[in-house]
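Throughout, numbering of the chain's residues begins at 1 and tracks the sequence.
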Amino acid sequence: PVVMRRLSVVVVVVVSLWISFLSLGTGSKVQVGVYIEALCPYCRNYVTTVLWDAWQDAEVRMLMDLEIVPYGNAHYVEDPDALGGYTFTCQHGPHECQANIVEACAMKLLDGMEQFLPLLVCSDGVSDPVEGMRICYGNAGLDYAPVDSCAQGALGVTYLHEMAVKTDSLSPPHRWTPWIVVNGKSDEATQTAAREDLPRLVRKLSEDPDAPPTDQSNTNNERKHILIAVTVGVVVLILVGAGWFAVWGERERRQRALPERIALTVIEETPGPAVAEGEHAQNVGTDTEPMVQAEMEERRGE
């Protein structure tokens with residue numbers, strides 16, 4: 001019964017702490033838009049490092065809706081005679097325009113960001129992103145033909161025009177690439193936070209969409225880790241305490257039982273038939289004295 005009571009205390013404490021743990025849930029998803037251009041070295045570095053590292057964090061991936069917009073500092077004009085009705089001019093030349101189209105086609109034709117981002121990261125590791133996308137499709141066991149057909153035709157132009165409209169609709173307009181928009185905000189503090197620690201920014205805003213990007217207070221995720229450490233510490237203390245009380249209780253029980261054992265020893269000593277009553281009484285005293293002394297020594301030793 002004593003052990004059960006102690007275990008009940010442990011269970012109650014652990015359950016209470018874990019209810020608090022579960023109550024530290026996350027809120028709404030964070031909208032993250034990354035505006036890039038295919039041959040921009042800063043864009044490629046951001047995608048393959050900061051963004052990719054954040055995406056590989058399963059919790060962060062679940063907390064954000066990620067959108068990538070390949071267009072950047074390009075410009076377009078309507079041209080009825082051009083393929084798809086538009087002509088594009090890109091910062092790093094015509095090949096960048098083609099690479100932007102390839103990335104736009106791949107993103108549109110694939111099944112979501114889960115498929116597209118690994119391929120973009122892979123192709124950004126190749127000097128020529130157009131050839132890189134072809135190689136990475138092959139490495140992933142995917143058919144590149146639909147992307148190639150899209151990029152060479154009017155559909156690719158249509159997709160790139162969609163990217164252009166999204167980029168030109170930014171308010172305020174983007175000033176450099178990569179340009180990161182988080183929950184509709186693209187101020188300098190947001191840009192800095194998204195570059196330095198995107199996972200922390202996403203966690204913070206998922207809990208409080210109005211939190212300043214530079215807020216350094218603990219996130220719920222960090223508080224959860226603290227709570228886990230506290231829970232483990234409390235459980236260890238309770239178990240150690242329960243073990244100490246068990247040892248102490250056993251010692252007290254043995255000490256209380258000692259007089260009974262001594263009395264029982266005296267009673268069980270019976271005289272032989274040839275021993276006189278007085279002699280028997282004397283023998284009982286002398287025979288039991290060593291036993292009593294031994295018991296007392298045992299008690300002092302405890």
Working to the nearest 0.5 angstrom, can you tell me the gap between [X] [atom1] and [Y] [atom2]?
X    : Y    : atom1 : atom2 : result
C40  : N100 : SG    : CG    : 10.5 Å
C122 : I135 : SG    : CD1   : 8.0 Å
F88  : L160 : CZ    : CG    : 4.0 Å
R195 : N45  : CZ    : CG    : 10.5 Å
R44  : T177 : CZ    : OG1   : 12.5 Å
M163 : E67  : CE    : CD    : 7.0 Å

Take Y76 and H161 through the test side-chain contact (heavy atoms from CB on, under 4.5 Å) and record every step on the way to the result.
CA-CA 8 Å; Y76 75 92; H161 181 251; 3.5 Å; yes
Under a 3.5 Å distance rule, please check whether [X] uses its side chain to pair with a backbone N or O of [Y] as donor and acceptor.
X    : Y    : value
E78  : G85  : no
S149 : A145 : no
N183 : Q31  : yes

Determine which pairs satisfy ring pair (Phe, Tyr, Trp, His ring centres under 6.0 Å) with at least one residue from residues 133-158, sequence neighbours left out, and list them in order.
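Residue pairs passing ring pair (Phe, Tyr, Trp, His ring centres under 6.0 Å), neighbours aside: Y137-Y144.
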For residues 179-203, which residue pairs qualify under ring pair (Phe, Tyr, Trp, His ring centres under 6.0 Å), counting only residues two or more places apart or in two chains?
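For residues 179-203, and leaving out neighbouring residues, the ring pair (Phe, Tyr, Trp, His ring centres under 6.0 Å) pairs sorted by first residue read W176-W179.
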Name of the residue among T48, I36, L51 meeting side-chain contact (heavy atoms from CB on, under 4.5 Å) with C43
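Of the listed residues T48, I36, L51, the side-chain contact (heavy atoms from CB on, under 4.5 Å) partner of C43 is I36.
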Indicate yes or no: does E114 engage R61 in a salt bridge with an N to O separation below 4.0 Å.
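So E114 does not pair with R61 through a salt bridge.
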Measure the shortest side-chain to side-chain distance between L110 and L142 over non-hydrogen atoms and say whether it is less than 4.5 angstrom.
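Answer yes - side chains close enough.
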Considering only heavy atoms from C-beta outward, does the side chain of D53 approach that of D57 to under 4.5 Å?
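Result no, sub-4.5 Å side-chain heavy-atom pair not found.
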Please enumerate all residues that pass ring pair (Phe, Tyr, Trp, His ring centres under 6.0 Å) together with H174, with sequence neighbours excluded.
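In terms of ring pair (Phe, Tyr, Trp, His ring centres under 6.0 Å), with neighbours along the sequence ignored, H174 is linked to no residue.
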Let's go through E96 and N73 carefully: what are the C-alpha distance in whole Å and the side-chain angles of both, what is the deciding distance for side-chain contact (heavy atoms from CB on, under 4.5 Å) to 0.1 Å, and is it a yes or a no?
CA-CA 11 Å; E96 182 173 66; N73 297 318; over 6 Å; no
Step by step, would you call Y46 with L198 a side-chain contact (heavy atoms from CB on, under 4.5 Å)?
CA-CA 11 Å; Y46 184 80; L198 181 60; 3.8 Å; yes
